[in-house]
Every structure is written in structure tokens, then in C-alpha cells.
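First up is the structure itself, then whatever we jot down about it.
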Amino acid sequence: SIVTHSRVRPLNLTSSQSYWEMTEKLVTEFSRFTSYSIPRDWSSASYPMAFASLNQKIEFPGLFPDPYQADSKFFDLLKSFGCVETDKNGIVVKKLQNHQTVKMDVSDCLDLVPTLAYFLSHVDGKHELQGVENLVHKESDRLSEVIKLAGHFGRQASTDGKTLFLEGSSLRKD
């Protein structure tokens, strides 16, 4: 078989740096090993983790913090709320007991913004998700859709184009 070596160099990479770093890591690992175990996906896991933190304890076997997956920032956020822990089997999310205001840069984890918006809409406080300007260029204008969705939950949400402002409340309206 013919093996060709090439190098890709990103130009004008202004967001999603962590996705680029994860891709480089995976390409390197794929070239060194004959078999590879695919890590659990944090983007997909974030939805049931948000549900768990607002409703009930749920275990996530095989899911561990992964610095190469930008959406694993959600673990750090939930940890700051005291509702997540790890054990030898994976992650356990417990129902949220305390509330705090969140100000977070999400420019490297834009796929996490819909989950964060839902979660924070149920957490008392005026929250800010910074670095959201590229959400308008996803498959749809996710920024506008997230704001509309917050309204469906009876929550206030707005943007200045770079920051998403959310007013959360632990009073349930969904």
C-alpha cells in the first residue's frame, strides 16, 4: 500500500482551538496504534447530564473528563456547583443543591451552548456566555434559536452579538 504524508496547517483559526488540538492528537494516535478505543462523546453526554443536575442522580459509566473534548468544560461547571463526581467507573451527576452566577467563555465549545442555556435558565442568577458570535454560522443561527428557546421556558435571554445574557430561575416553568 502507498502511504502519503501530509501536514495540514490551519489558517485564521479564531475559535474551536480545542477541536483542532483533539484532531491532531487523534491523527497522531491513529498512526501509532493498530487498534484504538473511541472516547465517550461529551457533546452528546451534556444533555442527559444537564437533565440529571436539575432532576435526579444519573451515572455515566465510561465517561471521564477529557481535556481534548471542549464540551467536557461542562464537567468543570457542574463540579463548581458540587453536583458531579468521578469514581472508577465514570461520572456521577447528582441533583443541583446550590446556585451561583456563571460568567463563562464558550468560544471553544460552541456546541455546548444550547445545553448551557437550558441548564443556566434553571439556575438562579444573571449569567453570561461570552464568545458566542460564531453561533450564527452553525447549521442554523443557533444564537437566535437559543434565545427563542429560553423564551419558551419563560426566561429572559438576549445578546449583544458576542455575549449571551441569560436570566435564570430555579422556579420550574418547563
Would a distance-only check, ignoring hydrogens and angles, find a side-chain to backbone donor-acceptor pair under 3.5 Å from [X] to [Y]?
| X | Y | result |
| --- | --- | --- |
| R40 | F64 | no |
| Q97 | K95 | yes |
| K73 | D105 | yes |
| H127 | V102 | yes |
| T86 | G90 | no |
| D124 | S170 | yes |
| S121 | A150 | no |

I need the [X] [atom1] to [Y] [atom2] distance, nearest 0.5 Å.
| X | Y | atom1 | atom2 | result |
| --- | --- | --- | --- | --- |
| I91 | E59 | CD1 | CD | 12.0 Å |
| L166 | E128 | CG | CD | 10.0 Å |
| K79 | F74 | NZ | CZ | 15.0 Å |
| L120 | K126 | CG | NZ | 15.0 Å |
| R155 | E167 | CZ | CD | 9.5 Å |
| N134 | D108 | CG | CG | 11.5 Å |

With the side chain counted from C-beta on, respond yes when [X] and [Y] share a heavy-atom pair under 4.5 Å apart, and no when they do not.
| X | Y | answer |
| --- | --- | --- |
| F119 | S46 | no |
| V92 | D87 | yes |
| W42 | F75 | yes |
| Q100 | F81 | yes |
| R142 | D111 | yes |
| M104 | L116 | yes |
| L135 | V146 | no |
| D71 | S44 | no |

**Item:** Test log, rule side chain to side chain contact (heavy atoms under 4.5 Å, CB included), inputs M49 and L63
**Value:** CA-CA 11 Å; M49 289 177 78; L63 183 67; 4.0 Å; yes

**Over 12 foreign heavy atoms within 6.0 Å of CD, Q156** =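 No, the 6.0 Å shell around CD holds no more than 12 heavy atoms from other groups.
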
**Request:** Can you establish whether the number of heavy atoms outside Y68 located under 6.0 Å from its atom OH is more than 12?
**Result:**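 Atom OH in Y68 is not crowded, with 12 or fewer foreign heavy atoms closer than 6.0 Å.
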
**Item:** Worked verdict on D160 versus F165 for side chain to side chain contact (heavy atoms under 4.5 Å, CB included)
**Value:** CA-CA 8 Å; D160 63 5; F165 303 96; 3.9 Å; yes

**Message:** Does Y118 form a side chain to side chain contact (heavy atoms under 4.5 Å, CB included) with L149? I'd like the steps, not just the answer.
**Reply:** CA-CA 8 Å; Y118 174 79; L149 187 60; 5.7 Å; no

**Prompt:** How far apart are the closest heavy atoms of A50 and S53, and which atoms are they?
**Reply:**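 What the structure gives for the nearest pair is O-OG, 2.8 Å.
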
